Amino acid sequence: MNISTILDMAAEAFGDRIGVVSGGQRYTYAELREAAYRAARRFKASGAAYVALLDVNSPAAPVALFGAAYAGIPYVPLNYRLTPVEINKLLARVAPAVLVTSVDFSGKLEQRADIQVIDRAEFLSLPEGGDELPQPDEDPRAIAVQLFTSGTTGEPKAAILRHENLMSYIVGTVEFAAAEEDDAIVVTVPPYHIAGISAVLSSTYACRRMVQMENFEAAAWLDACRENSVSNAFLVPTMLQRIVDHLVEAGSQPQLPALRALAYGGGKMPLSTIAKAMQLFPTVDFTNAYGLTETSSTIAVLGPDDHRAAAASSDPAVQRRLASVGKPGAVEIEIRDDSGKVLGAEEAGLVFVRGPQVSGEYLSLGSQLDDDGWFPTKDRGYLDAEGYLFLDGRADDVIVRGGENISPGEIEDVLLGHPAVADVAVVAMPDEQWGEGVAAAVVLKSGASASVAELQELVRGKLRSSRVPQAIVFKDALPYNELGKVLRRIIRQEFV
Amino acid sequence: MAKTALKAGARFKSTVCDTQVMVVKAPAGEFELRCGGADVVGATAPAAAGGTLDPALSGETLIGKRYVNADESLELLCTKGGKGTLSLDGVALEIKQAKQLPSSD
């Protein structure tokens, strides 16, 4: 079992179909496979233990991913937004390695004898190097992809995804060659993110043309969709928010007649954003995808019918599903309390997941699965009576005030209900009496005003007094990472 | 006829048509896996000559389809289509109906 089978099948069935579009470059699936073969020969000859990539989206990303698979060498895409010090530390952990990069990033690298650097342009024009076809490693337990976590606490962890995990995910959730000849998906997530990996694998298996964008910008995204008659897209919430804002500010309609499906995930989607997006794109199918690096991407989906039913319903239990991440895909999900007891519907606790696509494993730390194969996601949440999953933040973000667990999410939702509040993050702050207390960083809408007392009173009225933020600071903006996750550790420092 | 252990991840090819399959899941034990009436061989085995397709077992395989036995304890992914019918211990395998999820990426 080897993920290179995915490209073999696409090249076999639709060799002449365009698989990748990047600026002026185009690759058919047959050409993509040929480029991956050449890459595999180069990787094998190098004697490297890893194939690393330090680059924005380009055809080099799928070529390196599949080339590494054909060569039987783990593929490690690195975050090019890291500092030179951080990048070089990660490179030391994967040496000896072949590193594919571009001139934009080679300046960040320390020269090392055990890192063979290949420039992207050279990598995409490797010589043929023989007729012998690569014989990929068949071991399903072999490591296909290694992704470094963002390392918010300490050193980044190396999450590993085996061929069997990724193949299970693709075969279990994607229909082979499901795409129509004219279909195209625009890929804006960077290659080092799990969503970037799964975009390549899913699109190739569906035989859906990928249109790559180096960086996200709302107007450029709309242009790219229009020019390439894009039918499908995946966005993180911040990206969708920016597209909505852009359209509202310009007072214009999207004018994307080819766009049929818009999937989003990677962070919490504000209700106002998805509701507005559904108004702006009334004919588009929206899907909310929840997944983690350690689960080979998506584990739960809220599908288009759920979105429409929630938007049209007057039943609060159905309406609120717009805030749900949907039902489990090709996995099982259960909720447990802190002692490990499995909880029932509507009872909030820790989210556990089990299934063949779940790796739950880090290099050197080993498997995090329990004896029965369940992986602790460290997300908090609950299932409703019909099995829809609602998330309630990270377990690490819970505020423990005098022994009482307080979820930032419910307080944030209340504060966001104030007409003057544009954005908010609730975090723990040190408190002598309670151990931890509740603090909030608030961004006001331009020209609007609200006092600390007024906001505290709002929370007191809607929730219990223990939920009232004892400190509130007003900020111009909250810190987010490039994929739209709010950086709570930075906000916490405001209150130390 | 030869019985073979079917491990998840193993790949086989037909000796009488172009069919290739990958084992997605399989029960423990040894089985007679055939295509077009003839035993399959490992995907990397040298091409075997002389086999003929049994016309009664030429129901064809389709690339990308999953083939299962009655209790779905065996699941094969067809990675290359061909003319033969897949069978396990003499019983033809069926196409598994896909549980298609809305595209999430």
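Chain A is the first sequence line, chain B the second, and so forth, proteins listed ahead of strands; every chain is numbered from 1. Everything quoted here is computed from the prediction, not taken from an experiment.
Contact record, B:Ala8 with A:Pro140: O-CG, 3.5 Å, taken as the closest heavy-atom pair. Contact between A:Val171 and B:Glu75 at its shortest, heavy atoms only, is CG1-OE2, 4.5 Å. Closest heavy-atom contact between A:Thr5 and B:Arg11: OG1-NH1, 4.0 Å.
Distance CE/A:Met9 to OG1/B:Thr79: 6.0 Å, rounded to 0.5 Å. Taking NZ of B:Lys7 as the reference point, atom CD of A:Glu138 lies at 11.5 Å (rounded to 0.5 Å).
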Can you give the donor-acceptor pairs under 3.5 Å from side chains of residues 86-94 of chain B to other protein atoms, not counting sequence neighbours?
{"residue": "B:Asp89", "atom": "OD1", "partner": "B:Glu32", "partner atom": "N", "Å": "2.8"}

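Contact check on B:Lys25 versus A:Glu164 returns no salt bridge, with no Lys/Arg side-chain nitrogen under 4.0 Å from an Asp/Glu carboxylate oxygen.
Within a 6.0 Å sphere centred on CG of A:Asp16, heavy atoms belonging to other residues, nucleotides or ligands number 12 at most. A:Lys327 NZ: more than 12 foreign heavy atoms inside a 6.0 Å radius.
Only the side chain of B:Leu77 comes within contact range of chain A, judged by heavy atoms closer than 4.5 Å. Residue contact with chain B, scored on non-hydrogen atoms closer than 4.5 Å, involves the side chain of A:Tyr205 exclusively.
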Begin with the C-alpha distance, continue with both residues' side-chain angles, and end with the deciding distance and a verdict on salt bridge (charged side-chain N to carboxylate O under 4.0 Å, His left out) for A:Glu175 and B:Lys65. CA-CA 8 Å; A:Glu175 181 74 8; B:Lys65 294 293 179 192; 3.4 Å; yes
